[in-house]
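These notes concern the structure reproduced below.
These figures come from a predicted structure and were not determined experimentally.
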Amino acid sequence: MLRVLAIIRVSVFHMFPFAVLELAFPSMGVMFALGGSLMANSLMRQGAGRVIYGRVRRLLPALWVLGAVIVPAMFLVGWEQRPALWHLVAWVVPFADPPASTFGEQAAEVLWYLVTYLWLVALSPIMLWVYRRARLLTIVAPIVALVAMPLITVDAVQEAGTDLLTFAACWILGFAHRDGTLRRIPGLLIAILGTVCVAGGLAWSHMHPDAGGIKYIPIAYAVYNAGFVIVLLRWRPRMEWLIKRTGLDGWVSLINSRAVTIYLWNNVAIALCYPVGDALEVWRLGEYFEVGYVAIALALLADAVLIFGFVEDLAARRRLRFLPWPSRPVREAVREAAPPVPGAGTIYRASAMAGR
């Protein structure tokens with residue numbers, strides 16, 4: 001449910017980039033924290049090489065599909081100040097932000113998440129080893145290390161390193177969620193820590209008004225995200241209400257099954273909705289013209305999910321499905337097998353549906 005909320009918030013923010021959305025629910029921190037929790041779970045059961053390969057295999061094919069569309073389009077439209085061709089390898093293995101022309105900029109600007117995610121995946125065996133020996137130090141160290149990032153003069157290294165260190169604390173808090181460390185800390189103390197982190201990040205941002213916002217101050221943004229994440233991962237609400245509402249539960253499963261496709265293509269859909277809307281004369285809607293553009297963006301995103309979403313099934317070695325809506329027999333079988341722990345039924349169902 002948290003990942004679905006994060007994906008929806010990211011998509012809405014790309015369409016309506018209001019700072020309040022970023023502050024109300026820092027989606028990227030939540031997504032990295034969930035990724036860290038799942039990574040720790042896998043490393044506890046399998047070897048590091050196999051786990052890393054599995055994560056890379058699940059993630060990259062969706063990027064390759066995006067690149068197969070966007071990269072040729074950038075060459076056809078015209079690529080001013082084109083980099084050396086070997087730089088395009090970042091569209092195959094995104095160890096750094098893939099290069100893009102002005103035409104492809106909106107499609108490429110979301111790829112920093114994949115770059116950061118893959119680096120965190122690759123470093124997770126070492127990070128988990130260190131975490132087990134110095135939990136608090138491992139969480140705080142990346143935030144402290146951000147102080148030294150401006151000293152790096154190579155732009156690509158500085159960008160990737162800053163993103164990595166900004167969200168490493170959230171990733172490691174995912175470790176703490178998975179091994180039960182957060183559950184052993186009193187809820188009141190977690191609430192105080194979360195409030196202090198959120199307030200501290202906002203105060204730091206307020207003291208630097210020329211930066212342009214909290215997300216442009218890496219240390220403040222890292223602390224702010226960590227404050228939200230520590231509270232959300234410690235909170236354990238009962239989720240039976242979601243399982244009982246089969247329609248809503250189905251949408252949660254569907255979005256999770258196509259999360260990477262939705263993330264990669266939502267900016268493309270938003271960029272295309274304006275020329276398509278102009279061609280359809282959306283301006284005739286008067287004061288409601290924005291509703292028309294949003295509807296077109298949603299339709300384009302739905303088309304991308306239907307056309308390219310099967311790649312996620314292929315990457316996860318699941319049965320290929322045009323629309324991955326969970327069937328009733330599967331629902332009933334999973335409910336019967338789910339352990340009677342508050343919230344565990346949803347976790348068990350999500351894991352079964354994902355083929356983990």
Exercise for the section: Count the heavy atoms belonging to other residues, nucleotides or ligands that lie under 6.0 Å from CH2 of W235, then report whether that count exceeds 12. Expected result: no
Handout entry: For the student: nearest non-hydrogen atoms of A315 and P61, plus distance
Key = CB-CG, 3.8 Å
Practice task
Verify the neighbour count for atom CD of E281: are there more than 12 heavy atoms of other residues, nucleotides or ligands below 6.0 Å?
Solution key: yes
Handout entry: M239 side, atom CE; D249 side, atom CG - distance, nearest 0.5 Å
Key = 8.5 Å
Handout entry: V110 backbone acceptor or donor facing Y263 side chain under 3.5 Å
Key = yes
Practice task
Check S124 against F175 and note the closest heavy-atom contact, atom names and distance.
Solution key: OG-CZ, 4.1 Å
Handout entry: Main-chain N/O of I152 paired to Q158 side chain as donor or acceptor, under 3.5 Å
Key = yes
Completion exercise
Residue set satisfying salt bridge (Lys or Arg N to Asp or Glu O under 4.0 Å) with R50, at least two apart, ordered chain then number -> none
Practice task
Report whether V130 and V144 are members of the same hydrophobic cluster (ILVMFWY, side-chain heavy atoms less than 4.5 Å apart, transitive linking).
Solution key: no
Exercise for the section: State the CG-CD1 distance between L43 and I52, to the nearest 0.5 angstrom. Expected result: 7.0 Å
Exercise for the section: For S205 and G201, indicate whether the former's side chain and the latter's backbone hold a donor-acceptor pair under 3.5 Å. Expected result: no
Handout entry: Donor-acceptor contact present, side-chain H177 to main-chain L173, <3.5 Å
Key = no
Problem - Pairwise distance CD(Q46) to CG(N41) - rounded to 0.5 angstrom - result: 9.0 Å
Handout entry: Distance-only donor-acceptor check, side chains T181 and Y131, under 3.5 Å
Key = yes
Exercise for the section: Look at the side chain of R234 and the backbone N and O of I185, then say whether any donor-acceptor pair between them is shorter than 3.5 Å. Expected result: yes
Problem - Shared hydrophobic cluster, L182 / I143 (ILVMFWY, side-chain heavy atoms < 4.5 Å) - result: no
Problem - Donor-acceptor pair, side chain of Y224 and main chain of L23, under 3.5 angstrom - result: yes
Exercise for the section: Write down the atom of N225, the atom of C170, and the distance for their closest heavy-atom approach. Expected result: CB-SG, 3.7 Å
Exercise for the section: For the pair S37 (side chain) and A33 (backbone), establish whether a donor and an acceptor sit closer than 3.5 Å, ignoring hydrogens and angles. Expected result: no
Problem - Any pair counted as salt bridge (charged side-chain N to carboxylate O under 4.0 Å, His left out), so long as it reaches residues 16-41, sequence neighbours left out - result: R9-E22
Fill in the blank from the handout: CD1 of I172 to CZ of R135, rounded to nearest 0.5 Å, is 12.0 Å
Practice task
Please check if atom CZ in R183 has more than 12 non-hydrogen atoms from other residues, nucleotides or ligands closer than 6.0 Å.
Solution key: yes
Exercise for the section: Evaluate side-chain contact (heavy atoms from CB on, under 4.5 Å) for I270 paired with L300, printing each intermediate quantity in order. Expected result: CA-CA 8 Å; I270 292 170; L300 292 172; over 6 Å; no
Practice task
Would you please indicate if the ring centroids of W64 and W91 are separated by under 6.0 Å?
Solution key: no
Exercise for the section: Decide side-chain contact (heavy atoms from CB on, under 4.5 Å) for L2 and L34; before the verdict, give the C-alpha distance in whole Å, the side-chain angles of both, and the deciding distance to 0.1 Å. Expected result: CA-CA 8 Å; L2 281 175; L34 297 176; 3.9 Å; yes
Handout entry: Residue pair A107 / L66: nearest heavy atoms and the distance that separates them
Key = O-CD2, 4.2 Å
Practice task
Say whether Y53 and V311 are linked into one hydrophobic cluster, either directly or through other cluster members, by side-chain heavy-atom distances under 4.5 angstrom.
Solution key: no
Problem - Aromatic ring proximity, centroids under 6.0 angstrom, F32 and Y113 - result: yes
Exercise for the section: Say whether M149 and Y216 are linked into one hydrophobic cluster, either directly or through other cluster members, by side-chain heavy-atom distances under 4.5 angstrom. Expected result: no
Handout entry: Min side-chain heavy-atom separation R57-R317 under 4.5 Å
Key = yes
Problem - Short side-chain to backbone donor-acceptor contact, D313 and R318, under 3.5 Å - result: no
Problem - Value rounded to 0.5 Å, distance of CG in L146 from CG in D163 - result: 9.5 Å
Exercise for the section: Mind listing the closest non-hydrogen atom pair of S42 and R55 along with its distance? Expected result: OG-NH2, 2.9 Å
Problem - Distance in Å, M39 CE paired with L123 CG, rounded so as to fall on 0.5 Å steps - result: 9.5 Å
Exercise for the section: Applying ring-ring contact (aromatic ring centres under 6.0 Å, His included), run through W171 and Y117 and close with a yes or a no. Expected result: CA-CA 9 Å; W171 189 270; Y117 189 95; 5.3 Å; yes
Exercise for the section: Verify whether the ring centers belonging to W112 and F167 lie closer than 6.0 Å. Expected result: yes
Problem - Within one Ile-Leu-Val-Met-Phe-Trp-Tyr cluster: L111 and V93, side-chain cutoff 4.5 Å - result: yes
Exercise for the section: Report the residues that fulfil ring-ring contact (aromatic ring centres under 6.0 Å, His included) with F308, sequence neighbours left out, ordered by chain and then residue number. Expected result: W265
Problem - Over all atoms of both residues, closest heavy-atom pair of Y293 and C273 - result: CD2-O, 3.4 Å
Practice task
Verify side-chain contact (heavy atoms from CB on, under 4.5 Å) between W251 and L254, making sure each step is shown before the conclusion.
Solution key: CA-CA 5 Å; W251 278 106; L254 173 62; 3.5 Å; yes
Handout entry: Derivation of the side-chain contact (heavy atoms from CB on, under 4.5 Å) call for M44 and D179
Key = CA-CA 10 Å; M44 291 173 185; D179 70 5; 4.1 Å; yes
